[in-house]
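Data block below; observations after.
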Amino acid sequence: MRIAVFEAEEWEREACLSLEPQHSVACTAEALTVGEADLFADAQAISPFVNSDLSATVLRRFPRLELIATRSTGYDHIDLDYCRQHKVTVCNVPDYGDQTVAEHAFALLLALIRHVPEASARARQANFSQQGLRGFELAGKVMGVVGVGRIGRRVIAIARGFGMDVVAYDRAPDAEAVRTLGFRYAPLNEVLATADVLSLHVPGGAGSRSLISDAEFGRMKPGAILVNTARGGVVDAQALVRALHSGRLAGAALDVIAQERRMRDEAEIFRERLTPSPESLQALLADHALLHMPNVLVTPHIAYNTEEAVHRIIDTTLANILAFAHGTPQNVVASPSP
């Protein structure tokens with residue numbers, strides 16, 4: 001196959017070249033866009049990361065495309081309907097970052113509630129005032145977990161290690177997880193109302209878009225903390241700004257924001273073929289506001305980014321490509337329609 005790998009770091013390029021000479025591999029550090037697609041239009045397989053554009057508009061530029069091997073667990077950045085209709089198989093990396101993402105969720109949480117960024121900045125300026133830097137302990141607090149998949153379970157285990165009580169919501173409760181981890185399931189509204197810290201671990205996509213919005217923030221315990229290492233679109237950014245501004249929430253720790261791609265290069269707005277809607281511009285403005293609020297901590301989508309996790313990603317991706325080439329696809333999230 002002719003394979004194109006997008007958003008590839010140098011070490012990933014070297015790993016991908018192990019597919020040669022059986023396959024022809026081309027790597028680029030650029031994300032997949034309409035322009036980049038035209039440079040690799042003869043590719044039969046592509047491997048993007050999460051910042052690439054895999055809309056139907058872009059995918060149509062690959063007339064020979066058979067496989068998308070995304071180097072991520074989430075696949076909401078891929079037009080799956082187009083893939084099914086055009087005989088394109090989509091594979092993902094289902095379990096590379098359970099521990100990695102869960103640990104980052106607590107890194108964000110602890111940094112926020114103990115005012116670590118501000119405290120560190122003061123100390124660098126030889127300012128050792130403790131004014132305004134008082135935090136709180138996690139022991140004895142209630143952790144609310146929305147989504148009890150692989151990452152959610154690691155978060156529960158860590159929370160229990162901190163001495164937290166855990167109440168969780170999932171559409172498919174697992175009694176064995178309750179037995180081994182020591183938490184309880186509850187309806188979403190009860191989780192919202194009882195959690196001192198709410199941590200989100202649901203996949204992106206239409207089914208979870210704006211899962212947490214004005215109504216949900218209104219049900220949360222006053223003074224609660226929100227942690228989101230899932231997908232930016234799971235939270236209505238405008239509603240989050242309102243909840244923080246009103247004091248309903250004490251703070252938010254975010255590794256993902258909905259307008260992340262546009263915020264990387266806001267000039268992209270003016271290159272888009274369609275005029276952005278007022279709603280999308282308002283969402284962009286809300287994300288900008290979050291970046292500058294003193295009770296919000298944001299990291300640039302790095303929860304997955306550890307040495308161990310990124311090597312698991314590339315190893316699984318290469319295995320996915322080889323399995324497809326041998327006629328035995330694995331980790332399939334979308335198959336061609338009959």
Which of parallel (below 30°), tilted (30 to 60°) and perpendicular (above 60°) describes His301 and Tyr304?
perpendicular
In a check of side-chain contact (heavy atoms from CB on, under 4.5 Å) between Asn331 and each of Thr316, Asp95, Val93, which one passes?
Thr316
Single hit among Arg154, Arg153, Glu103 for side-chain contact (heavy atoms from CB on, under 4.5 Å) with Asp98
Arg154
Can you sort out the partners of Thr28 under side-chain contact (heavy atoms from CB on, under 4.5 Å), two or more places apart, ordered by chain and number?
Phe6, Glu30, Glu36, Phe40
So, using side-chain contact (heavy atoms from CB on, under 4.5 Å) as the criterion, who are the partners of Arg160 when residues are at least two apart?
Ile156, Asp165, Val166
Give a yes or no answer on whether the side chain of [X] reaches the backbone of [Y] with a donor-acceptor pair at less than 3.5 Å.
{"X": "Thr180", "Y": "Glu176", "result": "yes"}
{"X": "Arg13", "Y": "Cys27", "result": "yes"}
{"X": "Arg242", "Y": "Asp214", "result": "no"}
{"X": "Asp287", "Y": "Leu290", "result": "no"}
{"X": "Tyr185", "Y": "Asp174", "result": "yes"}
{"X": "Ser120", "Y": "Pro117", "result": "no"}
{"X": "His201", "Y": "Gly147", "result": "no"}
{"X": "Glu216", "Y": "Ser213", "result": "yes"}
{"X": "Ser208", "Y": "Pro203", "result": "yes"}
{"X": "Asp255", "Y": "Ala303", "result": "yes"}

Distance-only donor-acceptor check, side chains [X] and [Y], under 3.5 Å:
{"X": "Asn92", "Y": "Thr73", "value": "no"}
{"X": "Thr100", "Y": "Thr306", "value": "yes"}
{"X": "Ser129", "Y": "Asn127", "value": "no"}

Atom [atom1] of residue position [X] - does it have more than 12 heavy atoms of other residues, nucleotides or ligands inside 6.0 Å?
{"X": "Gln130", "atom1": "CD", "value": "no"}
{"X": "Glu137", "atom1": "CD", "value": "no"}
{"X": "Gln131", "atom1": "CD", "value": "no"}
{"X": "Glu307", "atom1": "CD", "value": "no"}
{"X": "Tyr75", "atom1": "OH", "value": "no"}

Residues Ile321, Ile3; criterion side-chain contact (heavy atoms from CB on, under 4.5 Å); working and verdict:
CA-CA 9 Å; Ile321 292 171; Ile3 303 165; 3.7 Å; yes
Walk me through it: do Ser55 and Asp79 pass the test side-chain hydrogen bond (donor to acceptor under 3.5 Å, both in side chains)?
CA-CA 5 Å; Ser55 63; Asp79 189 328; over 6 Å; no
Rounded to the nearest 0.5 Å, what's the gap from [atom1] on [X] to [atom2] on [Y]? Could you check?
{"X": "Arg60", "Y": "Leu65", "atom1": "CZ", "atom2": "CG", "result": "13.0 Å"}
{"X": "Leu109", "Y": "Lys141", "atom1": "CG", "atom2": "NZ", "result": "11.0 Å"}
{"X": "Leu188", "Y": "Ile212", "atom1": "CG", "atom2": "CD1", "result": "5.5 Å"}
{"X": "Glu66", "Y": "His86", "atom1": "CD", "atom2": "NE2", "result": "14.0 Å"}
{"X": "Leu110", "Y": "Leu138", "atom1": "CG", "atom2": "CG", "result": "5.5 Å"}
{"X": "Leu54", "Y": "Asp76", "atom1": "CG", "atom2": "CG", "result": "11.0 Å"}

So which heavy atom on [X] is nearest to which on [Y], and how close?
{"X": "Val191", "Y": "Ala186", "answer": "CG2-O, 3.8 Å"}
{"X": "Val25", "Y": "Cys16", "answer": "CG2-O, 3.8 Å"}
{"X": "Ala168", "Y": "Val148", "answer": "CB-CG2, 3.6 Å"}
{"X": "Met143", "Y": "Phe106", "answer": "CE-CZ, 3.5 Å"}
{"X": "Ala283", "Y": "Gln238", "answer": "N-NE2, 3.9 Å"}
{"X": "Val241", "Y": "Ala286", "answer": "CG2-O, 3.7 Å"}

When you check the gap from the basic side-chain N to the acidic O, do [X] and [Y] get nearer than 4.0 Å?
{"X": "Glu118", "Y": "Arg122", "value": "yes"}
{"X": "Glu7", "Y": "Arg71", "value": "no"}
{"X": "Asp42", "Y": "Arg64", "value": "no"}
{"X": "Arg312", "Y": "Asp315", "value": "no"}

What do the steps show when you test Arg231 against Val50 for side-chain contact (heavy atoms from CB on, under 4.5 Å), and what is the final call?
CA-CA 11 Å; Arg231 283 290 187 267; Val50 294; 4.2 Å; yes
Honestly curious: do Leu244 and Val298 fall in one hydrophobic cluster under the side-chain, below-4.5 Å linking rule?
yes
Does the side-chain contact (heavy atoms from CB on, under 4.5 Å) test come out yes or no for Leu226 and Leu200, once each step is laid out?
CA-CA 8 Å; Leu226 174 73; Leu200 306 178; 4.0 Å; yes
Run the side-chain contact (heavy atoms from CB on, under 4.5 Å) test on Phe62 and Ile68 for me, step by step, so that the C-alpha distance in whole Å, both residues' side-chain angles and the decisive distance to 0.1 Å come before the verdict.
CA-CA 11 Å; Phe62 294 97; Ile68 299 174; over 6 Å; no
